[in-house]
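Read the numbers this way: they start at 1 and go in the same order the structure lists the ligands and their atoms. Because the structure is a prediction, the values reported are computed rather than measured.
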Amino acid sequence: MATSSSHATFGSLQSSYLNKHSPFHKGTAMIFMTKFERPTRFDAIRVFSSASPVIHPVQLLSNGTSDATRKKSSESALILIRHGESSWNEKNLFTGCVDVPLTQKGVDEAIEAGKRIKNIPVDIIFSSHLIRAQMTAMLAMNQHRRKKVPVIEHNESSRAQEWSEIFSEETKKQSIPVITAWQLNERMYGELQGLNKQETAQKFGNEKVHEWRRSYDVPPPNGESLEMCAKRAVAYFKDQIEPQLMNGKNVLIAAHGNSLRSIIMYLDKLTSEQVINLELSTGIPMLYIFKDGGFIRRGSPPGPTEASVYAFSKKLAQYRQNLDNMML
Ligand SMILES: O=C(O)[C@@H](CO)OP(=O)(O)O
């Protein structure tokens, strides 16, 4: 029988992990909650002095960011979003690298995610090759107050590159590049792809299926273990994404449960025992600040009805304040 929940059974492991290991309880609650729990509080920093120097929002953004502003600031934002509910999440099927779309609920989750990050500047977006992650990024960015347009870069061939060229500098400034990479794909689930998770547990036993799904180094039949997925996802993060952050760019990554668990393992320096208890909800953005070469976890930005004035760093506070001044 199909059920839509794949996460609820790990609730106790999640809270024990949280209690034992997390110095950031409020911020990490989003990461560890089951899909039936709702976010309550966040470690947002309340803001702020009206005496903050006024900087035009465009100066704080990519394309519009002045070199002087960049050099002064060694800080950038990293947002991670697991895609919204997919058709196969709904049917409780192992999905892996099968390319299925979002459900209506997934679309709504992506829009809600967009509302949570609409005041955070985004300079560049990374996504997987899979449509559920790309849909999530696009729908979320549609909510952004800057209204820049995410544009997928097609570098798969020189013709694709040439045929998707933009010939207006002004239009380029109003665009956000979206880089897609197979390395950010969901873990390849091998011969489990397309099978119902509950029926598979009945056939092979709960313990075996739990080992396939949540051990660190045991791969499902002909598929990738989390360790194998982490190897390619983290290598890509270090090679392609970290340099953008070092360069002062604010990055959004829209990807998958296991590719993001791998990246969070790297960001939060989790051990292989810790990462196996980490669960990510669909469509909940998580914010990190990259500062002085390290990652500071800031939890999930509040939704529009959850807080009035907030920010996660002085720079993001200024950005929001200037958007308010400019647009309201
Ligand atoms: O089916 C999948 O591809 C993944 C994510 O939905 O499942 P799991 O929760 O087992 O990692």
Would you mind telling me if ligand 1 is within reach of the side chain of [X], the backbone, both or neither, using heavy atoms under 4.0 Å?
X      : result
Trp88  : neither
His256 : neither
Asn258 : side chain

[X] near ligand 1, heavy-atom distance under 4.0 Å?
X      : value
Gln193 : no
Arg82  : yes
Leu93  : yes

Examine Ile179 and Leu78 and state if one hydrophobic cluster contains both, with Ile, Leu, Val, Met, Phe, Trp and Tyr joined whenever side-chain heavy atoms are less than 4.5 Å apart.
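In one cluster with Ile179: Leu78, yes.
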Using a 6.0 Å cut-off, check whether atom CD of Glu156 has over 12 heavy atoms from anything other than its own residue.
yes
Phe204/Trp212 aromatic ring centres below 6.0 Å:
yes
So, [X] side chain and [Y] main chain: donor-acceptor pair closer than 3.5 Å or not?
X      : Y      : result
Thr103 : Gly106 : yes
Asn250 : Ala77  : yes
Ser157 : Ala160 : yes

Basic-acidic side-chain contact under 4.0 Å: Glu162, Arg159:
no
Determine, step by step, whether Lys173 and Glu169 satisfy the salt bridge (charged side-chain N to carboxylate O under 4.0 Å, His left out) criterion, reporting the C-alpha distance in whole Å, the side-chain angles of both residues, the deciding distance to 0.1 Å, and the verdict.
CA-CA 6 Å; Lys173 277 188 197 157; Glu169 284 311 310; over 6 Å; no
Do ligand 1 and [X] have nitrogen or oxygen atoms that lie under 3.5 Å from each other?
X      : answer
Arg132 : no
Gly96  : yes
Arg187 : no

For atom 7 (O) of ligand 1, the option (of Lys197, His210, His83) bearing the nearest heavy atom
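Shortest heavy-atom distance from atom 7 (O) of ligand 1: Lys197.
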Atoms in ligand 1 flagged as close to [X], the criterion being non-hydrogen separation under 4.0 Å:
X      : answer
Glu186 : 3 (O), 4 (C), 5 (C)
Asn89  : 6 (O)
Phe94  : 1 (O)
Arg214 : 8 (P), 9 (O), 10 (O), 11 (O)

Applying salt bridge (charged side-chain N to carboxylate O under 4.0 Å, His left out) to Glu224 and Arg232, what does each step give before you reach the verdict?
CA-CA 11 Å; Glu224 281 183 306; Arg232 42 104 168 160; 2.5 Å; yes
